[in-house]
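Throughout, a chain's letter reflects where its sequence line sits, starting with A, and its residues are numbered from 1.
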Amino acid sequence: MIDARNVSKTFFVPHQVKALVDVTTKIAAGEVVVVIGPSGSGKSTFLRCLNHLEIADEGHILIDGIDILDRKTNINKVRAEVGMVFQSFNLFPHKTVLENITLAQRVVRKRPKEEAHAKAMTLLEKVGISDKANAFPDNLSGGQQQRVAIARALAMDPKVMLFDEPTSALDPEMIGEVLDVMKTLAREGMTMVVVTHEMGFAREVADRVIFMDDGAIVEVGTPEHFFTAPTHDRTKLFLSQIL
Amino acid sequence: MNNKSNTRRSMPPWKYNLWVGVFFAILFSVFMLIYIATIRIEYTWSWYKVPSTFLNREVIEITSEIDGKVAQVDRKNDEAVITVENETERKSYTVPAEDIRVNQGDLIYYGDTLATYRKWRAGIILQGLWITLKCSLFAIIFGIIIGVIGGIARISDNPALKWSAISYVELIRGSPLLVQIFIWYFVLGTMINQLLMSYGMKEIPSLWYGVASLACFTGAYVTEIVRAGIQSIHRGQTEAARSLGMTYGQCMRHVVLPQAMRRILPPLAGQFISLIKDSSLLGIIAVRELLKATREVVTTQLNPFEMFFTAAALYLVITFSLSMFVQYLERKTATT
Ligand SMILES: Nc1ncnc2c1ncn2[C@@H]1O[C@H](COP(=O)(O)OP(=O)(O)OP(=O)(O)O)[C@@H](O)[C@H]1O
Ligand SMILES: [Mg+2]
């Protein structure tokens, strides 16, 4: 489903940072991959390269067989298949919850109003906030907003979902409700790449954990491997700090 | 403690009322001073001449087009049909019956007055006001179009677009509007009109060069306002929209511009208010807008004090209505 080969990315402003160094990994359909690593290790950059929000300098990224770094690729088509959930929700504040979820369905998928509407309501039901359909995002709690953001991404019927620290901006009591939605998704067979510090989530649903540091993949393994016998010193250090 | 939220509480009522009184006293003294000064220079106020510059009654004469005899005057309610005939021709005129000058059997010659009537007509000030409104409205519409395109070009990654927008903005903001009006009229206007004439087409009236200069001038400021408005929208909004597969245009149209609009509205209103005031400069290129019309009245009626006060009041009415309208829009967009 995702095939990243030798992906590198360097930022030059404000100063030169090698955010990704020769990252290679494959993610199969239905797999749930959790990406962990210290701050500034390139987790977000990796995720954002996968849907072309950042453009990798080198390497190849194939999403469902399509090379997104190829200039001839229509990136908007690929992005419609790759849902993304941000740390800061990024809901559209001038639109109601319902409109947030129907907008891209209408303008990108060109679905008729009724169909988009019905789909949105089904998804709101699924994330447990169908009663807030006509509220504006600013009137929702953080947890509710993030669940709307997940519903908004799901409405496009994506093949992959990318989560960039979806619970980091939430009050502790709201983390659970968002993780529950994500666990349900994982159980339903969604292909997911999740950057998170929630080790409980990784242990419970991850098929594979990737540990990144300084822009490179340092160690890959099952959750059991990570929590029982990590091999690299940097991995051990990181895990000892957060567990 | 919380006297910041309510200035009235910061002083006792008697003191507050005293200062309100002082305000009105100042206002009154200013008016009195002007009035006394006008008496000293023996200025004769003639406010009664002002209304006719807005609306007046014009006398229209209906004259005969042939020599002959009045064959018939047929009155019906407010109208009358006057028929004039001779050996070869016969002509009928339908006129309002208020002032008929001929009777049946009268001998008349070509050009004789058959009847007159009076009609309401817009005075020169009202016509000038209309031209001011028309110029401003067109300049605002074109200014918005230029500004939105310019603002989007200004933040584009494409150097051709970006640098064009920057040059345009800097060029326009760096020179006085009056100079730009002259360039539009005397340079571009002369060129364009001569070219048009050499192809046998009609000249473009000076009003449109005036509108063009105002629109270009305002467009540059609107460009900067739009740019600032778009940039004030958090990057996450664009990223969220694009990650859903929206194109740049869809993202602008559905996500960024509607949000930017709310922040753009107040500075935009300020810009348009100065545009309306600046339209008074168009008089120098022979556009008969409100101020030019006022000056024409002053030269014939010799009542500059009344007329200039009137013009100022009219500008105030327009600009005040506009700012009220924008406040209404702001309130409306704030609730949705
Ligand atoms: N747009 C950018 N411009 C310049 N440098 C950037 C940009 N985005 C990221 N970086 C740099 O790239 C490096 C990797 O950043 P990235 O955001 O991918 O890290 P991260 O692992 O997501 O960290 P965190 O846990 O803090 O979110 C950092 O040093 C960061 O400063
Ligand atoms: Mg990050």
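You'll find the side chain of A:S130 reaches within 4.5 Å of the side chain of A:M121, heavy atoms only. Taking 4.5 Å as the limit, every side-chain heavy atom of A:H117 sits out of range of all side-chain heavy atoms of A:Q105.
Only the side chain of A:K95 comes within less than 4.5 Å of a heavy atom of chain B; its backbone N, CA, C and O stay farther away. Heavy atoms closer than 4.5 Å to chain B are found in the side chain of A:F86, but not in its backbone. Using a 4.5 Å cut-off between heavy atoms, A:L162 makes no contact with chain B at all. Only the backbone of A:V82 comes within contact range of chain B, with at least one heavy atom under 4.5 Å from a heavy atom of that chain. Within the 4.5 angstrom heavy-atom criterion, only side-chain atoms of B:Q250, from C-beta onward, approach chain A.
For A:K9 and A:F11, the positive end sits near the middle of the six-membered ring, less than 6.0 Å away and at most 45° from its axis.
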> Run the side chain to side chain contact (heavy atoms under 4.5 Å, CB included) check on B:L314 and B:I318 step by step: do they pass?
Replying inline: CA-CA 6 Å; B:L314 286 174; B:I318 307 175; 5.5 Å; no

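One N or O on the side chain of B:R242 and one on the backbone of B:M246 form a donor-acceptor pair closer than 3.5 Å.
Taking a cutoff of 4.0 Å between a charged side-chain nitrogen and a carboxylate oxygen, B:K277 and B:E289 do not qualify as a salt bridge. Salt-bridge formation is detected for the pair A:E188/A:K126: a Lys NZ or Arg NE/NH1/NH2 atom is positioned less than 4.0 Å from an Asp or Glu carboxylate oxygen.
Contacts from residues 36-69 of chain A to chain B, taken as heavy-atom pairs separated by less than 4.5 Å, involve A:R48, A:N51, A:L53 in sequence order.
Heavy atoms of other residues, nucleotides or ligands lying less than 6.0 angstrom from CH2 of B:W130 number 12 at most.
Residue B:Y209 forms a side chain to side chain contact (heavy atoms under 4.5 Å, CB included) with just one option from B:I181, B:I192, B:I183, and that option is B:I192.
The most heavy-atom pairs under 4.5 Å with chain A, out of B:H234, B:R253, B:H254, come from B:H254.
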